[in-house]
Amino acid sequence: MQKLVSTPIYYVNDVPHLGHAYTTFIADMLTRHHTLRGHEVFFLTGTDEHGQKIALSAQKHGLSPLEYASQISAHFRSQWDFFDISYDHFIRTTDSAHVLAVQRAFVTMLEQGDIYKGTYKGAYCVSCESFVANHARCPDCQRETSILEEESYFFRLSQYQEPLLEFYAKNPRAILPTSRAPEVLRFIEQGLHDLSITRTSFEWGIKLPPTCKDPKHVIYVWLDALLNYVSALGYPHGEKMGYFNHAIHVVGKDILRFHAIYWPAFLMSLGLPLFKHLCVHGWWTIEGVKMSKSIGNVINAQEVAQNYGKDPLRYFLLREVPLGQDGDFSLEALLRRSNADLSNTLGNLLQRLSGMAWRYFEGRIESAQVLQHYAQDYATLSALFEPLEASMQEMQPHKYLEDLWKVFEGANALIARDEPWKMRDQAKIMALLGLVAALLAKATYYLYPVIPQSARKLADILGLKLEAEAFGRIQENPFLDAFVIAKTPPLFPRLELIQAPKPKTQTISLKDFQKLEIRVGQVVSVEKLEQSDKLLLLRVDFGDRVRVILSGIAKHYAPKTLEGQQVCALVNLEPRKMLGVLSEGMVLSAGDGEHLSLIAPLTPMKNGSAIS
């Protein structure tokens, strides 16, 4: 069977970070999983390079939009190559083939009667490249919107409301995890409005086809971007279009609406099959806060992998939280998970197997008498593999790995129970080693989609080929022919936290300092957020208004002790949304690594007093 697995095409407004890597690891995992099962998979990723925001960013850097987009796109491709991502095609929306495919699709929709010309007037968020229904602030990024009025072509999204509801009724597993589906259905049921799909206020985008005789219009970024999933396959008549009959899209929850509503409506208009699955993941936060360049808490996945390993990072991200939920990332949590699961459980099991084989049999392992001595244990431990396929089909990699690790834990427990170092029956010791080798051999194929680098090493040690045909054989008979196990260093050395060198102090100009607006305010009330053990919600009176400020001081201050106290706060910091709450400033504090103290005036000051 042919299948398409795709990531979103990543917007080239900045270099890749941990969130991009997480999405790509999920898609890579699915590609390897389906390939081992004999499916022909086309893995697609790439970059989204058009739009007003890209044009503005390029201008700031003194580059043309294409030059700027090319630089950032190269960072993404380089990072995926570093991580050995098994993509088949890296698409750029500036590719000529993509441009032609988008223009053809526009004409088809126009001839279908699904596109008409009108005028758009309403609020628009440049940062998110989206229209936001007359909000003063964008509900997604909290930045101020601008009122836009311009001629536009519209897609008749409203006429696809009932077909979309019918599609999801007939395909309840189209969105995975299924817990993400209700929000999509609610949005559709509230009524769909026709969608503006062209712009005239900027030029950096795909022009309408010459036959439309309307050169001032460029195709809006979401229609342009979403069509990459078929343009990369040669839409409309390319030889690879068969892969789209079984398409699996991996996306973050922030672009769920575009993929679950706009995309299937476009496909219906074009007469193309709809995707089989839309796999939706949550965000990775840092101490409960979404990663953001403006906040300065963005994590570079490649730097983490260079310090702690590619597979430990992949394993942590795929194992730590259920797919669809948000996860909180820290290096300490990464090390705990890697040392406990990879080093202590799996790595220790391999070392035990190799050590005993060389201690008793000069490295030789054979499985001829496993069933004679360990039939019941073999049946019990083999049964632990049975739920794995369903977990992957339901997009529950955390459950998949949790169950897989029960095999390793069971094998370690079996060795501890029988204490082979006390046995005199050499045949039974060999049978035990043969059983453990068989379990590890079968498990290697299940490990490969998640930690491919380590799985290849394990396959070499056990004499396996990571191919679909070999996987099929080991499903029927996991027992290996007699072999000599290689002596190897630990597969997963224990990880230690690398202390970053203290950064050199950077000087700023007086002009830069004068941009900071720091004022004295009085804490009116404080409450602890249930979703976080670090954040407190403070309401602070600055004289002219009361601001809501979130501060990560919950471990140092009880809420009641702060009420009525004066604090100093940076009040012209860009507002940011954390855990659904808009924070409008930053309370200043001093810390020495162990203790933390809020900064306040030595004597009471009028609320709103400026600090200079």
Side-chain angles (χ1 to χ4, degrees), residues 1-10 16 19-47 76-91 173-174 176-177 228-234 240-252 259 275-281 301 305 310-311 313-315 317-319 323-324 388-401 404 443-456 458-459 464-472:
M1 176 188 291
Q2 290 184 325
K3 294 185 177 184
L4 170 71
V5 173
S6 72
T7 71
I9 47 173
Y10 301 114
H20 300 117
Y22 179 48
T23 310
T24 309
F25 291 164
I26 295 169
D28 189 62
M29 173 190 71
L30 290 173
T31 298
R32 296 176 190 276
H33 171 85
H34 288 295
T35 299
L36 273 183
R37 280 145 188 81
H39 301 145
E40 190 179 340
V41 182
F42 189 88
F43 180 6
L44 175 65
T45 189
T47 46
F76 278 91
R77 187 191 289 264
S78 174
Q79 185 149 130
W80 304 155
D81 290 343
F82 167 81
F83 278 112
D84 193 27
I85 301 300
S86 57
Y87 64 85
D88 293 286
H89 184 60
F90 188 99
I91 190 171
R173 293 181 64 257
L176 295 174
N228 94 89
Y229 300 128
V230 292
S231 71
L233 302 175
K240 292 185 173 66
M241 282 298 293
Y243 287 98
F244 201 76
N245 291 325
H246 195 119
I248 304 171
H249 301 310
V250 179
V251 301
H259 283 80
F275 52 76
K276 295 300 180 187
H277 298 298
L278 185 61
C279 304
V280 188
H281 66 75
K310 300 174 187 178
D311 280 357
L313 177 62
R314 281 179 67 121
Y315 177 78
L317 295 178
L318 296 169
R319 171 67 178 85
L323 191 137
L388 300 184
E389 193 68 29
S391 293
M392 192 64 79
Q393 293 298 328
E394 294 299 320
M395 282 308 297
Q396 296 180 325
H398 76 289
K399 182 70 165 55
Y400 172 95
L401 291 169
L404 180 56
T444 299
Y445 291 90
Y446 291 96
L447 288 167
Y448 174 65
V450 178
I451 47 174
Q453 190 177 58
S454 302
R456 290 191 197 100
L458 191 53
L464 306 173
K465 291 184 177 180
L466 292 173
E467 299 171 351
E469 185 178 346
F471 176 65

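Note that this is a predicted model, so its numbers are computed, not measured. For reference, positions follow the sequence shown, starting with 1. Any value given below was found using the heavy atoms of this structure, including those in side chains, with hydrogens, waters and symmetry copies removed.
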### Residue pair Cys279 / Ile248, side-chain heavy-atom distance below 4.5 Å
yes
### Query
Hey, what do you get for CE (Met395) to CG (Leu323), rounding to the nearest 0.5 Å?
4.5 Å
### Message
So Pro397 and Met29, do their side chains get closer than 4.5 Å, heavy atoms only?
### Response
yes
### Task
Rounded to the nearest 0.5 Å, what's the gap from CZ on Phe43 to CG on Leu30? Could you check?
8.5 Å
### Query
Is there a donor-acceptor contact under 3.5 Å linking the side chains of His246 and Lys276?
no
### Task
Measure the spacing between OG of Ser6 and CG of Asn228 and express it to the nearest 0.5 Å.
7.0 Å
### pair Leu278-Val280: side-chain heavy atoms closer than 4.5 Å
yes
### Query
Hey, would you say the Phe275 and Phe244 ring centroids sit under 6.0 Å apart?
no
### Query
Given side chains that start at C-beta, do those of Glu394 and Arg173 come closer than 4.5 Å, heavy atoms only?
yes
### Task
May I ask you to decide if Arg32's main-chain N or O and Arg37's side chain share a donor-acceptor pair within less than 3.5 Å?
no
### Task
Looking only at non-hydrogen atoms, find the nearest pair between Leu44 and Ala232 and report the distance.
CD1-CB, 3.5 Å
### Heavy-atom check, side chain of His281 versus side chain of Thr23, under 4.5 Å
yes
### Task
Mind listing the closest non-hydrogen atom pair of Ser391 and Lys399 along with its distance?
OG-CG, 3.5 Å
### Task
Please test Glu467 against Tyr445 for side chain to side chain contact (heavy atoms under 4.5 Å, CB included), starting from the C-alpha separation and ending with a verdict.
CA-CA 9 Å; Glu467 299 171 351; Tyr445 291 90; over 6 Å; no
### Query
Side chains of Glu389 and Tyr400: is there a donor and an acceptor less than 3.5 Å apart?
no
### Query
Side chains of Leu458 and Leu464: does their closest heavy-atom pair fall under 4.5 Å?
no
### Task
Provide the closest heavy-atom pair for Gly46 versus Thr7 in the form atom of the first, atom of the second, distance.
N-OG1, 4.4 Å
### Query
Considering all heavy atoms of both residues, which atom of Ala443 and which atom of Leu404 are nearest to each other, and what is their separation?
CB-CD1, 4.0 Å
### Query
Tyr10 pairs by side chain to side chain donor-acceptor pair (under 3.5 Å) with which of Thr45, Thr47, Thr24?
Thr24
### Task
Give, for atom CG of Asp84 and atom CG of Asp311, the distance between the pair rounded to the nearest 0.5 Å.
9.5 Å
### Query
Can you find a heavy atom in the side chain of Phe471 that is under 4.5 Å from one in the side chain of Tyr448?
no
### Query
Quick one: do the Asp81 and Tyr87 side chains pair a donor with an acceptor below 3.5 Å?
yes
### Task
Starting at NZ of Lys3, measure out to NE2 of His33 and round the result to the nearest 0.5 Å.
7.0 Å
#### Entry: Any side-chain heavy-atom pair of Leu4 and His249 under 4.5 Å
yes
## Note on the structure
Separation between CZ (Phe83) and OG (Ser78), nearest 0.5 Å, reads 10.5 Å
### Aromatic contact, Phe42 with Tyr229 (centres under 6.0 Å)
no
### Task
Give a yes or no on whether the backbone of Ile451 and the side-chain of Arg314 come within a donor-acceptor separation of less than 3.5 Å.
no
### Query
Which atom names give the shortest non-hydrogen contact between Leu313 and Ala301, and what distance separates them?
CD2-O, 3.6 Å
### Message
I need the minimum non-hydrogen distance between Thr35 and Ala468, along with the two atoms involved.
### Response
O-CB, 3.7 Å
### Message
Against the six-membered ring of Phe82, is Lys310 placed for a cation-pi contact (under 6.0 Å from the centre, within 45° of the normal)?
### Response
yes
